Amino acid sequence: MRIENLSELASQEPLEGFRISERWGKVAEAGYQALPDVLLFAQSELRLSSEELNVLLNLLAHWWRPKDVVFPRAATIADRMGVSPRSIQRITKSLEGKGFIVKSRTADGRPYYNVAPTKELLLPIAEKLLREKLDAKKLRDAQRRDTKAVRSQTSDDELDQLKSTVLTPKKTGGAQ
């Protein structure tokens with residue numbers, strides 16, 4: 001099968017009733033996390049390195065309620081990523097410096113993290129993306145209205161002639 005354009009690969013089925021388990025099956029039963037796309041799509045704009053994003057994702061995997069703090073050990077994240085606990089400490093310090101997390105310590109010295117600031121940093125970018133999507137939708141709607149208006153003012157013969165003019169390859173003046 002030859003694919004002419006990428007839109008042929010996309011499913012046209014509606015997303016209503018869409019569930020993670022339908023897409024991932026048994027894999028999702030082991031656990032998953034909900035993340036806003038803007039965190040991944042705006043990684044460069046957020047100035048997050050791959051390592052910082054990976055650590056942030058590991059912290060966010062433990063964040064279930066808006067007011068919760070998370071407390072995975074640096075060694076746990078380090079084991080998941082295949083790096084040293086000291087690397088995780090440096091990366092969490094960088095994330096804190098960039099405003100994504102706030103690190104605190106319990107009375108006995110154990111670290112924990114507030115990851116809610118991440119949401120605040122993503123909000124302006126998400127709002128910008130939403131405005132861009134809305135503007136694009138308005139433009140598409142206006143183009144559809146214009147196309148419908150042209151079609152309603154154009155006879156079938158004129159449309160056929162226009163299609164044949166646009167779709168017929170031009171002959172070149174070379175030797176025949």
Side-chain angles (χ1 to χ4, degrees), residues 1-106 110-141 143-144:
M1 175 172 97
R2 181 180 164 99
I3 304 297
E4 295 297 326
N5 60 54
L6 292 177
S7 64
E8 293 176 34
L9 296 173
S11 174
Q12 301 303 315
E13 296 176 25
L15 293 176
E16 297 165 5
F18 184 74
R19 303 242 187 264
I20 296 287
S21 60
E22 290 174 15
R23 184 167 50 171
W24 288 100
K26 199 159 201 68
V27 173
E29 290 178 26
Y32 62 89
Q33 61 180 336
L35 291 168
D37 286 345
V38 69
L39 180 58
L40 299 175
F41 297 162
Q43 179 183 349
S44 178
E45 185 176 346
L46 292 164
R47 297 199 166 120
L48 283 172
S49 71
S50 298
E51 294 82 10
E52 290 168 332
L53 180 60
N54 199 340
V55 170
L56 184 57
L57 292 174
N58 271 276
L59 293 172
L60 292 171
H62 297 272
W63 190 45
W64 292 99
R65 290 176 292 275
K67 294 182 181 179
D68 283 357
V69 295
V70 298
F71 40 91
R73 294 169 30 121
T76 302
I77 297 173
D79 286 344
R80 291 174 185 166
M81 291 177 58
V83 298
S84 71
R86 182 68 189 119
S87 293
I88 301 304
Q89 292 166 351
R90 279 192 294 272
I91 294 167
T92 55
K93 185 173 183 159
S94 175
L95 287 170
E96 187 173 22
K98 292 179 178 183
F100 286 91
I101 62 174
V102 175
K103 181 179 177 181
S104 300
R105 293 196 176 270
T106 62
R110 184 160 179 219
Y112 63 93
Y113 308 91
N114 178 358
V115 295
T118 298
K119 178 180 166 184
E120 300 307 315
L121 289 175
L122 296 178
L123 187 60
I125 297 169
E127 289 172 338
K128 181 180 101 178
L129 288 174
L130 286 170
R131 280 191 304 276
E132 288 171 1
K133 283 183 176 184
L134 181 60
D135 290 347
K137 182 184 181 321
K138 287 178 182 177
L139 180 61
R140 283 191 310 273
D141 290 348
Q143 289 170 335
R144 283 187 194 115

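Values below: all heavy atoms of this structure, side chains included; hydrogens, waters and symmetry mates excluded. Predicted model only: the values in this text are computed from it and were never measured.
- With sequence neighbours left out, Gln43 forms a side-chain hydrogen bond (donor to acceptor under 3.5 Å, both in side chains) with no residue at all.
- Residue pairs meeting the side-chain hydrogen bond (donor to acceptor under 3.5 Å, both in side chains) criterion with at least one partner in residues 71-84, sequence neighbours excluded, are Asn58-Arg80, His62-Arg80, Ser84-Ser87.
- Rounded to the nearest 0.5 Å, atoms CG (Leu48) and CG (Leu39) are 7.0 Å apart.
- Residues that satisfy the salt bridge (charged side-chain N to carboxylate O under 4.0 Å, His left out) test with Lys138, not counting sequence neighbours, are absent from this structure.
- Remark: Arg86 CZ to Ile88 CD1 distance equals 11.0 Å, nearest 0.5 Å.
- Taking both residues in full, the closest heavy atoms of Thr92 and Ile101 are given as O-CD1, 3.5 Å, listed atom of the first, atom of the second, then distance.
- Nearest approach of Pro85 to Ala78, heavy atoms of both residues: N-CB, 3.6 Å.
- Listed by first and then second residue, the salt bridge (charged side-chain N to carboxylate O under 4.0 Å, His left out) pairs that reach into residues 48-70 are Glu52-Lys98, Arg65-Asp68, sequence neighbours excluded.
- For the pair Val38 and Leu46, the minimum side-chain heavy-atom distance is 4.5 Å or more.
- For the side chain to side chain contact (heavy atoms under 4.5 Å, CB included) test, residues two or more places apart in sequence or in another chain that qualify with Asp141 are Lys137, Arg144, Arg145.
- Applying the side-chain hydrogen bond (donor to acceptor under 3.5 Å, both in side chains) criterion to Ser50, with sequence neighbours excluded, gives no partner residue.
- Looking at Lys26 and Glu29, a side-chain N of the basic residue comes within less than 4.0 Å of a carboxylate O on the acidic one, giving a salt bridge.
- By the side chain to side chain contact (heavy atoms under 4.5 Å, CB included) test, Arg47 is found to be paired with no residue, residues two or more places apart in sequence or in another chain being considered.
- Remark: Gln33 pairs with Leu35, Leu57, Leu60, Ala61 by the side chain to side chain contact (heavy atoms under 4.5 Å, CB included) rule, at least two apart or across chains.
- Counting heavy atoms of neighbouring residues, nucleotides and ligands inside a 6.0 Å radius, atom NZ of Lys103 exceeds 12 of them.
- Shown here are the side chain to side chain contact (heavy atoms under 4.5 Å, CB included) partners of Leu40, two or more places apart in sequence or in another chain: Leu53.
- Annotation: salt bridge (charged side-chain N to carboxylate O under 4.0 Å, His left out) contacts involving residues 33-43, sequence neighbours excluded, are absent.
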Please list every donor-acceptor pair under 3.5 Å in which a side-chain atom of residues 111-131 meets a protein atom from a residue at least two apart or in another chain.
residue: Asn114; atom: OD1; partner: Ala116; partner atom: N; Å: 2.9
residue: Thr118; atom: OG1; partner: Phe100; partner atom: O; Å: 2.7
residue: Thr118; atom: OG1; partner: Val115; partner atom: O; Å: 3.2

